[in-house]
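Working notes, beginning with the structure itself.
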Amino acid sequence: MFRLFDLNDAQEKAVRTLAGPLLILAGAGTGKTRVITARVAFLIAQGFDPGCILALTFTNKAATEMRERLARMVEASDAKRVTMSTFHALCLRILRQNIDKLGYKNNFSIYDESEQVGLIKKIIARTAARDEKLDAQVAKALISKAKNLGRDCDPNEESLAGAVFARYQRELKNLNAVDFDDLLLLAVKLLKEHPEIQARWKARFSHIMVDEFQDTNRLQLDLVGLLAGVERNVCVVGDDDQSIYGWRGAETSNILDFERHFPNPAIVKLEQNYRSTNVILGAANKLIQNNPRRHPKNLWSQSGEGEKIRAIQMPDDREETRFVTEEIQRKQAAEGLPWEEFAILYRMNTQSRLLEENLRRLHIPYRLIGGKSFFDRREVKDLLAYATCLLNPDDDVSLLRIIHTPARGIGETTTERALEFSVRKKCSLFQALNSPEFQKELSARTAGRVAGFMTLLDNYETRAAAPLAGFAGIMTALMEEIGYWEDLKRSCATPEEALNRETNMKQMIESLSRYEQRSTGGLQGFLDGVSLDRSEEKEDTAGVTLITLHAAKGLEFRHVFLIGLEEGLLPHDRSKAEGALDEERRLLYVGITRAMRTLTLTYCRSRVKFGSAVPCHPSSFLKELAGEFVEQISFEKLMNTPVPKESVKSRFAQLRATVAKL
DNA sequence: AATCGTCTGCTTTTT
DNA sequence: GCAGACGATT
């Protein structure tokens, strides 16, 4: 058999199995993306219409990567016709076409997390009795969970949470808005309730592939079922051992019981790993075997045994971070490696703080993944809210955001009254403010200001609705007219902050302008893109990677440091309380399998938590790992070891490098 | 309407 | 220990 795209036997079998359901169990680092793209290329080579192939991913990054790889394997015109998209993006496409069938308008807004919480807060305030308490964040989590299970709200529900859910859903519809979960929920609902629409989408795809199948939830499984044709050409790729998003609604049962959903599947296991040493894989295998329900797998590689994993106990978190950062400095100098080959992995974002301090002290460049998003910045959100209002003025949440920014003499009292009017008349806030009947209730002064604001929005709406409207220009003009920039500058404490915020705004307008040049999706398309893809393109920054275990999935690094292996942190107390110990074990498994050559595990005897030092105990997972693959090193021994030779050599290497730069 | 101070409560976060 | 939320204050 000739070698297809230079694949191993198992990979080739996965690629060549085209008909019927196929389950590819792809262990960490076994060439999963490679197999999916090769399979798409093979389908095209076999004469299947590229336009009938659908590949679904979770992240835009994965979709983009796949598309780029495919472009190198097949004709550009064919590659373009394959649908490669995230679940949410596909659902959005379905909904933009036909959501009117569910009673929404096609220009609906998409609410992010903070907008959801804002809305829920308001609803709780209006719904809860004086003695009832419900945290908006908790309510949001409950609603999200219910939606991910495919449950619509029950209007007869008696509990406060249930009432809030029902009201939230009703309110969203009035606002002509949907949240992230709705994208899936409503798309599935639409396909289920309207067979003609389902038939249309179903006919469109002959072959469906799903990446990271272990992370799918009920709705996503339903969606795949609704889109699959009678042949059930559904190929899913995933690794149950890397399922770490259960708390997000992912159902491991989707991959564990795949044959229940798609009977008689072909099953291919990819176990040859191209990333790590056998020591690392051995430890990973050993750890994960403690999980009860899983598809048995055993990773192996041809990259030799490799160095033993080091497990080091530290006195406290200060010493831990100091050691790790200095160790990276030593190793980098000794081996002359780029900083990008190193990564520090941790359970919680707060752990990055001490690391950052140390890295800065040592002048080591680093990139911190995660944290606050660009899109959560106040100025960015304001700009987007203005844009959203131009398209969907009935979106009260966005309107409320911009009505006081900058202050234009329309105060709390006025909006309170308008809100009350809108509830009474069952109309949107925008309609209330526009209504002469409402304006009559106001003082002449306030009425004038409201009218002025309405005229402003109306003017820009008209301009935005014009064919060939230049949105970047329109938004700039709008921001200038309302004096947004001066207002923002006034609220900044330091000149640096002002400059920073200005840059963010410019960046936003700039990217809108670029979008207009390459796409025909208009302002709506731009906003959709922003809603669904919040990744910042800052991958160019070089340095040591600081990243949570969750965010590290799918990445690889030559040298990995995994810190804070303590009971209560990893596994996290709260996960243990929720009975999610297996998932914590998988999380560590994901961390271990990121390492290509060396892995260092650290844990502390004491750690500062909530401001004060508390004693810690080694993670129970360390016991599960203990044995031939792991070498225990005590901090004391480490400190008494004389400086190794390379480190002396490294000083020279460093010096030489510095001189060379001059 | 904005600012200051106090209170609270603390994982992970693909879209 | 610190950020974020909320309420009292001018």
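A, B, ... follow the sequence lines: proteins, then strands. Residue 1 opens every chain.
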Without decimals, in angstroms, what is the distance between [X] [atom1] and [N] [atom2]?
X: A:D573; N: B:dT12; atom1: CG; atom2: P; answer: 14 Å
X: A:R378; N: C:dG4; atom1: CZ; atom2: P; answer: 13 Å
X: A:D487; N: B:dA2; atom1: CG; atom2: C1'; answer: 12 Å
X: A:Y111; N: B:dT15; atom1: OH; atom2: P; answer: 21 Å
X: A:E115; N: B:dT15; atom1: CD; atom2: C1'; answer: 14 Å
X: A:Q137; N: B:dT12; atom1: CD; atom2: P; answer: 13 Å

Test log, rule side chain to side chain contact (heavy atoms under 4.5 Å, CB included), inputs A:V560 and A:L345: CA-CA 7 Å; A:V560 168; A:L345 274 51; 4.1 Å; yes

Is the phosphate of [N], meaning OP1 or OP2, less than 4.0 Å from a side-chain N or O of [X]?
X: A:S575; N: B:dT12; value: no
X: A:N349; N: B:dT13; value: yes
X: A:K61; N: B:dT15; value: no
X: A:N60; N: B:dT15; value: yes

List in chain and number order the residues that pass side chain to side chain contact (heavy atoms under 4.5 Å, CB included) with [X], two or more places apart in sequence or in another chain; answer none if no residue qualifies.
X: A:P315; answer: A:E319, A:R605, A:F635
X: A:L227; answer: A:L54, A:L90, A:L191, A:W201, A:I208, A:L223
X: A:R69; answer: A:T33, A:R34, A:T37, A:E65, A:R72

Side-chain donor-acceptor pair present, A:D179, A:Y168, cut-off under 3.5 Å: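 Indeed, the side chains of A:D179 and A:Y168 share at least one donor-acceptor pair under 3.5 Å.
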
Proximity to the side chain of [X] - top-ranked nucleotide from [options]:
X: A:A407; options: C:dA5, B:dA2, B:dT11; result: B:dA2
X: A:K121; options: B:dT15, C:dC2, C:dC6; result: C:dC6
X: A:L532; options: C:dC6, B:dT11, B:dT15; result: B:dT15
X: A:H572; options: B:dT13, B:dT14, B:dT11; result: B:dT11

Touch class at under 4.0 angstrom, heavy-atom based, for A:R353 against every strand present: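 Sugar-phosphate, backbone atoms only, no base.
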
Sugar-phosphate, base or nothing in reach of A:E113, heavy atoms under 4.0 Å: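 Base, at least one base heavy atom under 4.0 Å.
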
Kindly give the atom pairs (protein nitrogen or oxygen, nucleotide nitrogen or oxygen) under 3.5 Å for nucleotides 3-10 of chain B.
none

Of A:H404 and A:S531, the one whose closest DNA chain B nucleotide lies more 5':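 It is A:H404, whose closest nucleotide lies nearer the 5' terminus.
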
Option from A:L219, A:T57, A:N217, A:V210 for which side chain to side chain contact (heavy atoms under 4.5 Å, CB included) with A:F87 holds: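 Filter result, single survivor: A:V210.
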
A:K145, NZ: over 12 other non-hydrogen atoms inside 6.0 angstrom: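 No, NZ of A:K145 has 12 or fewer neighbouring heavy atoms, counting only those of other groups under 6.0 Å.
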
Other residues, nucleotides, ligands: >12 heavy atoms within 6.0 Å of A:R318 CZ: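 12 or below, so no.
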
Could you go through residues 547-556 of chain A and list every donor-acceptor pair under 3.5 Å that involves a side-chain atom there, pairing it with any protein atom two or more places apart or in another chain?
| from | atom 1 | to | atom 2 | distance (Å) |
| --- | --- | --- | --- | --- |
| A:T548 | OG1 | A:A551 | N | 3.1 |
| A:H550 | NE2 | A:I244 | O | 3.3 |
| A:H550 | NE2 | A:W247 | NE1 | 3.4 |
| A:K553 | NZ | A:E212 | OE1 | 3.3 |
| A:K553 | NZ | A:D215 | OD2 | 2.6 |
| A:E556 | OE1 | A:R275 | NE | 2.7 |

Ring centroids of A:H88 and B:dT15 base under 5.5 Å with planes under 30°: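 One would not call A:H88 stacked on the B:dT15 base.
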
Pairing of A:E584 and A:K576 as salt bridge, 4.0 angstrom limit: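 Salt bridge between A:E584 and A:K576, a charged N being under 4.0 Å from a carboxylate O: no.
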
Span that lies between the C1' atom of C:dA5 and that of B:dT12, in whole angstrom: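 Approximately 22 Å lies between the C1' atom of B:dT12 and that of C:dA5.
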
P spacing across the pair B:dT13 / C:dG4, given as an integer number of angstrom: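 Their P atoms lie roughly 15 Å apart.
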
Sidechain-backbone polar pair: A:N148 side chain, A:S144 backbone, donor-acceptor under 3.5 Å: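 Here the side-chain-to-backbone pair exists.
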
Interface residues of residues 242-252 of chain A with DNA chain B (non-hydrogen, below 4.0 angstrom):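 DNA chain B contact set from residues 242-252 of chain A: A:Y245, A:W247, A:R248.
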
Glycosidic conformation of B:dT12, taking syn as within 90° of 0 and anti otherwise: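 It is anti.
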
